[in-house]
Amino acid sequence: MLFEDLSLSKSIQKAVFEEGYMEATPIQEQSIPIVLAGRDLIGCAQTGTGKTAAFAIPIIHQLHRIVGSSKRAKPIRALVITPTRELAVQIGQNFDRYGKYTNLTQLTIFGGVSQIPQVDVLRKGVDILVATPGRLLDLHKQGFIDLDHLHTLVLDEADQMLDMGFVNDVKKIVKLTPNNRQTLLFSATMPIAIRELAEMFLKDPATVSVSPVSSTAEKVEQRVYFVDKTEKRNLLYHLIRNEKLADVLVFSRTKHGADNVVKALRKHGVAAEAIHGDKSQNARQRVLDAFKKKEVGVLVATDIAARGIDIDQLPFVINFDLPNIPETYVHRIGRTGRAGNGGIAISFCSKDEEPYWKDIMKLIKVDVQTITDHPYPWHEGSPTEAAAPVNNSNRSDGAHKSRKSTQSKQNKKRWY
């Protein structure tokens, strides 16, 4: 469906067209009419499907019709709650772009920075507020935020808010809003806790689910390296050096692990930075900006921090540590191959992570290419032991991009 076929105001159509949007994504095509109709909505969509536009565009359309051009202080009409500063900034920027030809005002608030500029804007009044839970409750407690006139509440990345321990904050925030509000809940996954939350806060919601969590982007080429656990850092450097990789997002399971990977890469002269919850908000934003500007070639992130990374042309994702939740693998590799671009997702699997890889294979049901010819294989019980070694001393791993040898197939049967 084309955006021009949706029942949107001309000012929004113009802004969307200038952003290069012609055809609505599935989550947008299904969600926008529901939101415009005033219904509550549960949206299940993974990273890169365009879900921010799926709620931002119809909210702007609704508010543009009811909000006048008066210069008097405006009451908050729409509130978007999201778990991290990075996500809040992204969402706020999207509201600004989609609503640039309307008279709506938007403010993004988050912790870790001075509240004074945020309070100054709140006193003047805003139509749309994008916030992280902690700063919102703090400013409400101080009397700077009034949600009595709220029209729409959006709970974005609900699964991550639960994972980060914000469930009680979310419940407090919902109690501050009118009972007749419209509520939209978006989540990449739908565990029982999210469904319970939806039942608690939403009234007769419509449900939209696209890009099932088991699916992986068609244009993402997936590879796996069975590697000795102690040699993962060496393999990472080996690939970056031999393949001349740049614009690489590396996933680490822990914050400490992310920092250690960065230190190891820097010793070899690789420009790398880490982004995780222990970094200050300003530090995380600086690192993210440097990565987007290609001043940093390798960004090492934990899963929670990576939710705030929105880069259309990200060519490489590397799972330095395999996730213990299969669905997380899908979300990780969904960071590449976005906006119609291709991408490569590389996974390192050590012996102790073998059960995780088996679970991932059961979920995605994709024949992932095994790269058997590299310097750091498992030593005991390695998949590479079952066949005669391949001499590749004069070729880089990239030379095997299209090779799926009989040995690789045998390995898949044995290990997957």
Side-chain angles (χ1 to χ4, degrees), residues 47-48 84-87 89-90 112 220-225 227-323 328-329 331-338 341-350 353 371 374-376 396-398:
T47 299
T84 68
R85 165 185 172 157
E86 292 82 7
L87 284 166
V89 169
Q90 271 181 41
V220 177
E221 179 183 335
Q222 300 176 61
R223 310 175 191 169
V224 62
Y225 290 73
V227 53
D228 190 78
K229 185 176 183 178
T230 60
E231 300 288 0
K232 281 189 173 185
R233 294 178 202 170
N234 288 329
L235 178 59
L236 179 60
Y237 174 64
H238 171 81
L239 293 178
I240 291 172
R241 180 196 62 195
N242 285 11
E243 300 300 321
K244 296 180 174 58
L245 305 186
D247 304 323
V248 185
L249 176 59
V250 178
F251 282 97
S252 170
R253 186 177 299 118
T254 66
K255 294 173 282 190
H256 180 67
D259 287 335
N260 285 339
V261 171
V262 168
K263 289 177 184 177
L265 290 175
R266 285 178 177 174
K267 286 182 180 179
H268 289 290
V270 177
E273 293 284 355
I275 181 170
H276 53 65
D278 282 352
K279 303 279 186 179
S280 70
Q281 295 282 14
N282 286 334
R284 287 159 64 180
Q285 193 62 45
R286 283 196 300 270
V287 168
L288 187 56
D289 290 342
F291 184 64
K292 289 181 177 180
K293 294 175 182 177
K294 303 186 185 301
E295 296 169 359
V296 172
V298 180
L299 181 63
V300 187
T302 54
D303 289 299
I304 290 176
R307 284 288 179 105
I309 299 173
D310 185 18
I311 303 173
D312 284 342
Q313 297 185 18
L314 183 64
F316 301 101
V317 167
I318 297 179
N319 291 302
F320 185 86
D321 296 314
L322 285 181
T328 300
Y329 173 86
H331 301 316
R332 285 183 179 185
I333 72 169
R335 293 289 167 182
T336 188
R338 301 177 70 175
N341 297 299
I344 297 175
I346 297 170
S347 296
F348 295 171
C349 179
S350 58
E353 293 174 316
I371 304 299
H374 65 87
Y376 310 105
S396 65
D397 293 316

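These numbers come from the heavy atoms of this one structure, side chains and all, not from hydrogens, waters or symmetry mates.
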Does Arg286 form a salt bridge (charged side-chain N to carboxylate O under 4.0 Å, His left out) with Glu295? I'd like the steps, not just the answer.
CA-CA 11 Å; Arg286 283 196 300 270; Glu295 296 169 359; over 6 Å; no

Taking every non-hydrogen atom, the tightest pair across Leu265 and Ala272:
CD1-CB, 3.9 Å

Between Thr302 and Thr254, does the side chain to side chain contact (heavy atoms under 4.5 Å, CB included) criterion hold? Intermediate values first, please.
CA-CA 6 Å; Thr302 54; Thr254 66; 5.8 Å; no

If I compare all heavy atoms of Leu245 with all of Leu239, which pair ends up nearest, and what's the gap?
CG-O, 3.6 Å

Taking ring pair (Phe, Tyr, Trp, His ring centres under 6.0 Å) as the test, write out the residues that go with Phe316, two or more places apart.
none

Return the CD to CG distance between Gln90 and Leu288, rounded to the nearest 0.5 Å.
7.5 Å

Distance (rounded to the nearest 0.5 Å) between Arg223 CZ and Ile346 CD1:
5.5 Å

Nearest heavy-atom pair of Leu299 and Val287: which atoms, and what distance?
CD1-CG1, 3.4 Å

Show your reasoning for whether side chain to side chain contact (heavy atoms under 4.5 Å, CB included) applies to Val250 and Val298.
CA-CA 7 Å; Val250 178; Val298 180; 3.7 Å; yes

Partner residues of Arg241 under the salt bridge (Lys or Arg N to Asp or Glu O under 4.0 Å) criterion, sequence neighbours left out
none

With sequence neighbours left out, write down each residue that passes side-chain contact (heavy atoms from CB on, under 4.5 Å) with Asn234, or none if nothing qualifies.
Glu231, Tyr376

Treating Ser350 as the side-chain partner and Lys229 as the backbone partner, does any N or O pair qualify as donor plus acceptor under 3.5 Å?
no

Which residues share a salt bridge (Lys or Arg N to Asp or Glu O under 4.0 Å) with Arg253, sequence neighbours left out
Glu353

Least distance between heavy atoms, Val317 atom then Ile333 atom:
CG1-CA, 4.4 Å

Rounded to the nearest 0.5 Å, what separates atom CD in Glu273 from atom CZ in Phe291?
11.0 Å

Using a 3.5 Å distance criterion without hydrogens, assess whether the side chain of Ser252 forms a donor-acceptor pair with backbone atoms of Ala301.
no

So Val227 and His374, side chain to side chain contact (heavy atoms under 4.5 Å, CB included) or not? Walk me through it.
CA-CA 9 Å; Val227 53; His374 65 87; 4.2 Å; yes

With sequence neighbours excluded, what pairs up with Lys294 under the salt bridge (Lys or Arg N to Asp or Glu O under 4.0 Å) test?
Asp247

Atom CG of Leu249 and atom CZ of Arg335: how far apart are they, to the nearest 0.5 Å?
7.5 Å

For Ser347 and Tyr329 the tightest heavy-atom approach is OG-CE1, 3.3 Å

According to side-chain hydrogen bond (donor to acceptor under 3.5 Å, both in side chains), does anything in residues 255-265 pair up with another residue at least two apart or in another chain? List the pairs.
Lys255-Asp278, His256-Asn260, Asp259-His276

Where Lys232 and Phe320 come nearest, the two heavy atoms and their spacing
NZ-O, 2.7 Å

Output, in order, the C-alpha distance, side-chain angles, deciding distance and verdict of side chain to side chain contact (heavy atoms under 4.5 Å, CB included) for Phe251 and Ile318.
CA-CA 6 Å; Phe251 282 97; Ile318 297 179; over 6 Å; no

Look up atom CG in Asn319 and atom CZ in Arg332, then write down how far apart they are to the nearest 0.5 Å.
5.0 Å

